[in-house]
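Here is the structure we will look at, set down as structure tokens.
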Number of protein chains: 4
Amino acid sequence: MSRPPQPDGRVRAAAVALFAAKGFHGTGIRELADAAGLSSATLYHYMGTKEDLLVDIMQTSLDRLLTAAGQVLTESPSPVAAMNGLVQTHVVAHALRRSETLVVDTELRALSPERRRPIVALRDEYEDLWESVIEKGQAAGTFQVPDPSVARLALLQMCSGVANWYTSGGRHALAEVAETHAHLSLAMLGAAPDPGLPPAGHYIRLVTGVWGDDATAG
Amino acid sequence: MSRPPQPDGRVRAAAVALFAAKGFHGTGIRELADAAGLSSATLYHYMGTKEDLLVDIMQTSLDRLLTAAGQVLTESPSPVAAMNGLVQTHVVAHALRRSETLVVDTELRALSPERRRPIVALRDEYEDLWESVIEKGQAAGTFQVPDPSVARLALLQMCSGVANWYTSGGRHALAEVAETHAHLSLAMLGAAPDPGLPPAGHYIRLVTGVWGDDATAG
Amino acid sequence: MSRPPQPDGRVRAAAVALFAAKGFHGTGIRELADAAGLSSATLYHYMGTKEDLLVDIMQTSLDRLLTAAGQVLTESPSPVAAMNGLVQTHVVAHALRRSETLVVDTELRALSPERRRPIVALRDEYEDLWESVIEKGQAAGTFQVPDPSVARLALLQMCSGVANWYTSGGRHALAEVAETHAHLSLAMLGAAPDPGLPPAGHYIRLVTGVWGDDATAG
Amino acid sequence: MSRPPQPDGRVRAAAVALFAAKGFHGTGIRELADAAGLSSATLYHYMGTKEDLLVDIMQTSLDRLLTAAGQVLTESPSPVAAMNGLVQTHVVAHALRRSETLVVDTELRALSPERRRPIVALRDEYEDLWESVIEKGQAAGTFQVPDPSVARLALLQMCSGVANWYTSGGRHALAEVAETHAHLSLAMLGAAPDPGLPPAGHYIRLVTGVWGDDATAG
DNA sequence: GATGAATGAGATTTCATTCAT
DNA sequence: GATGAATGAAATCTCATTCAT
């Protein structure tokens, strides 16, 4: 009775998939139970309310993005390297975990104001990492953009958008997509290409390391 | 009884605003009626079902995007000019008509398969215009991208994303946002800057010309 | 404003057809308006409430049945002749005016108690005519039935049932159906066949005379 | 989630009573819930849609009529015996289970075409049993009717009509009604009375055996 | 841990009817 | 005479959630 129970893997996985496919309000609790192989009453042994479940999914996802970004920044010696890493990590995460990242990006509005606040704080913390890299590069003369904050917004929209169209086994290989986005991003920022940056494989390992292989894939 | 009556301006405007803010499934019919200043029964005097209303909004919006893009392509002598025009027009439309463009971009999943099909066809028609411009530029040697179709996807996500964060009267002026996106886009495509291209004002006029000033603003 | 307006031909005809096909509660007022070629608001120039319309239809139909039965009894010299006439008249009316007789037979329950009472009185008046003919024949020794009142009920159900299955132009000609029912009825009552009774044509003329050719046919 | 749950006894009983008394369209879902002693939401725990409930009622009723008729035909050595049995069984069923038989006879039109088809097939199967008995009797010279198919229609309408007027404890005892209808039916068909046929008690037992004493009585 | 039963509130949509024009 | 606009009430059905077993 003290705190809401933590959703187990099956429930989370079903919720992530359904919230991504049909939206939070478009997903019924019985639908969710069916997908998890449980009755709707049993569902409540594994979670608090439907909103609790959404919060939990978002929190976990943003925590992981922050962890991954932190590792990237630690290991990157320059703004160009940092931006290359942030973009590739972000793109790989949005490609490999399409559903959960889509949920974070589209269902903020479904949260009540009180529940939304801490989630938005996490998201802002993450986006600030990007902005400060851009500013450092701009200050160092490595980047030239008309407006750093517009650049940050444009970059993030572009990279997050991968979750909208990437399909594993589709026309574009993951490494290709990640590297192309890094290339496009650096070009956007006016940075010269740097052949010495780590290739996509490095960031794919980083992302899979952070996410582990829980059942929430997809 | 023959065809569902055209929802009048107030109903459409209320629907666009609410669907954008809370999602299709997150918007109740009574909420919609309140926002339109009608009773929920009267609402049905002006529309078919809630889904009809969504389809109508999407269709109108995509028709206008296609019209605007057609005008841009007609008047543009080169791939660089065309891309500059497509990006600025798209960005201006997504900034001035945030709500309706957001609805088009996020609520496709709320449509039943039968209703979705023709809408997706319109969207694909629009995106194909972008792709063929990229391909022409690539063929002409003006653009150099690792992968044209990834570039198209990345560009569109970036430019559509404006609807997620632009606020009139906010930190960024509309003309600045449009031109910055054009600049970033051409940089992404590896094209040299061209100071002779039409400035944002031209495309703002084009967009307001196409959209008119009906009640659906926002 | 004083009394509810009399429904005109088109409205009555549409109502009779729809009430018969879909039931009173199964028929919507807009459906009715469509069928009559009017708007639902205009409908109310021609009728009172939906229930008024039903009452009107039933009253008219029962009045005509009573008129026809009165003519039959006047001209019939014996219980056998009377029963032959009642049956044939009833069958012809239920065949030629399927819809309106079905409505009378099945929608009594849709009336409020106050409106039902006078209609039931008319129906009882009509059925009493049948019962008294059976009793006269039983008293005269022409008929032999185990129970006159069960016989009346059985006879009327059988003859009214024609409205459930007769179709003009179908497998059975009207005259044949009427005469067969008269034959079966007299057999049920234990009466010897009488070749001198008027044939179906006589009663078809009687019925069409009473009903006239208003627009309520069918 | 797989198949609509079987409505339990109380829901079925309430539905049968209300559909018979007020018609399918005349019966509201809350009314039904009240009669079953449930909330309208709980109702849906026990049934699919209102139409599913109607289909279920009709199917069950027709299945039982077919079962009973099959037993009658098996045990009847002659067309006269068979017809006597069919009529008495039918009459007893329509007297003891007025409501459910009335629903079958009057609410077919409330079904959508897809749901109606299999129900009509069952009804036709049942009516064909009657027709073939009449034809056998006619071929054997036991019956003499002007038209066997009109005779079948007339007979069935007469016997089904019992559900419209019979009341247990009313003026007419069940056995009397059943035997009277058998007598009238055989008279209609021109068959000589046969004192050796089973009396009503036999068929009352047959019917109560087939119907059991579930909660759907009335 | 699991679930059938239950429900108040609310979903979307239709109802019959009125009225100003 | 005709109708578009309007509506309170009610229609059927689903919602997220609770609880006794």
Side-chain angles (χ1 to χ4, degrees), chain A residues 1 4-5 8 11 24-33 36-54, chain B residues 1 4-6 8 10-11 24-33 36-54, chain C residues 1 4-5 8 11 24-33 36-54, chain D residues 1 4-6 8 10-11 24-33 36-54:
Chain A
M1 201 53 51
D8 81 349
V11 171
F24 178 74
H25 289 304
T27 301
I29 216 79
R30 272 171 177 80
E31 211 172 356
L32 191 50
L38 300 170
S39 79
S40 66
T42 305
L43 213 55
Y44 284 88
H45 282 283
Y46 293 102
M47 59 177 227
T49 67
K50 200 181 155 196
E51 191 179 28
D52 287 338
L53 183 54
L54 177 57
Chain B
M1 196 56 44
Q6 288 298 105
D8 77 350
R10 282 201 314 202
V11 172
F24 179 74
H25 289 306
T27 301
I29 218 79
R30 286 202 288 270
E31 214 171 354
L32 191 49
L38 300 171
S39 79
S40 66
T42 304
L43 212 55
Y44 284 88
H45 198 62
Y46 292 102
M47 60 179 221
T49 65
K50 199 180 151 195
E51 190 178 27
D52 287 338
L53 184 53
L54 177 57
Chain C
M1 199 55 48
D8 81 348
V11 171
F24 178 74
H25 289 303
T27 301
I29 217 78
R30 273 171 176 79
E31 210 173 356
L32 191 50
L38 300 170
S39 78
S40 66
T42 306
L43 213 55
Y44 285 88
H45 281 284
Y46 293 101
M47 59 179 226
T49 67
K50 200 180 154 196
E51 190 178 29
D52 287 338
L53 182 54
L54 176 58
Chain D
M1 197 56 42
Q6 289 298 105
D8 79 355
R10 280 197 316 192
V11 172
F24 179 74
H25 289 304
T27 301
I29 220 77
R30 286 203 287 272
E31 214 172 353
L32 191 49
L38 300 170
S39 78
S40 67
T42 304
L43 211 56
Y44 285 88
H45 198 62
Y46 293 102
M47 61 179 221
T49 65
K50 201 181 150 194
E51 190 179 28
D52 286 338
L53 184 53
L54 177 57

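These numbers come from a predicted model, not from an experiment. Chain identifiers are assigned alphabetically (A, B, ...) following the order of the sequence lines, protein sequences preceding nucleic acid strands; residue numbering begins at 1 within each chain.
For the pair D/Asp8 CG and E/dG4 P, the computed distance is 15 Å after rounding to whole Å. One interatomic measurement links the two molecules: CG of D/Leu43 to P of F/dC13, which rounds to 10 Å at whole-angstrom precision. The separation between B/Leu38 atom CG and F/dA5 atom C1' is 10 Å, rounded to whole Å.
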>> Show me the dot-bracket string of DNA chain F, counting Watson-Crick or G-U pairs under 3.5 Å, with | for pairs to another strand and [ ] for crossing ones.
In response: .||||||||||||||||||||
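Closest approach of C/Asp52 to C/Thr49, counting heavy atoms only: OD2-N, 2.9 Å. Here the closest heavy-atom approach between residue D/His25 and residue D/Lys50 is recorded as CA-NZ, 4.2 Å. Looking at every heavy atom in both residues, C/Ser40 comes nearest to C/Arg30 through CB-CG, 3.9 Å. Looking at every heavy atom in both residues, A/Ser39 comes nearest to A/Thr42 through OG-OG1, 2.9 Å.
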> Would B/His45 and B/Leu38 count as a side chain to side chain contact (heavy atoms under 4.5 Å, CB included) if you check the C-alpha gap in whole Å, the side-chain angles of each, and the deciding distance to 0.1 Å?
Replying inline: CA-CA 10 Å; B/His45 198 62; B/Leu38 300 171; over 6 Å; no
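Checking the phosphate oxygens (OP1, OP2) of F/dG4, no side-chain nitrogen or oxygen of B/Tyr46 falls inside 4.0 Å.
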> Quick one: what's the B/S/- string for nucleotides 12-21 of chain E, heavy-atom cutoff under 4.0 Å, read 5' to 3'?
Replying inline: BBB-BBBB--
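Taking CG from B/Leu43 and CD1 from B/Ile29, the interatomic distance works out to 5.5 Å, rounded to the nearest 0.5 Å. The CG atom of A/Leu53 sits 8.0 Å away from the CZ atom of A/Phe24 when rounded to the nearest 0.5 Å.
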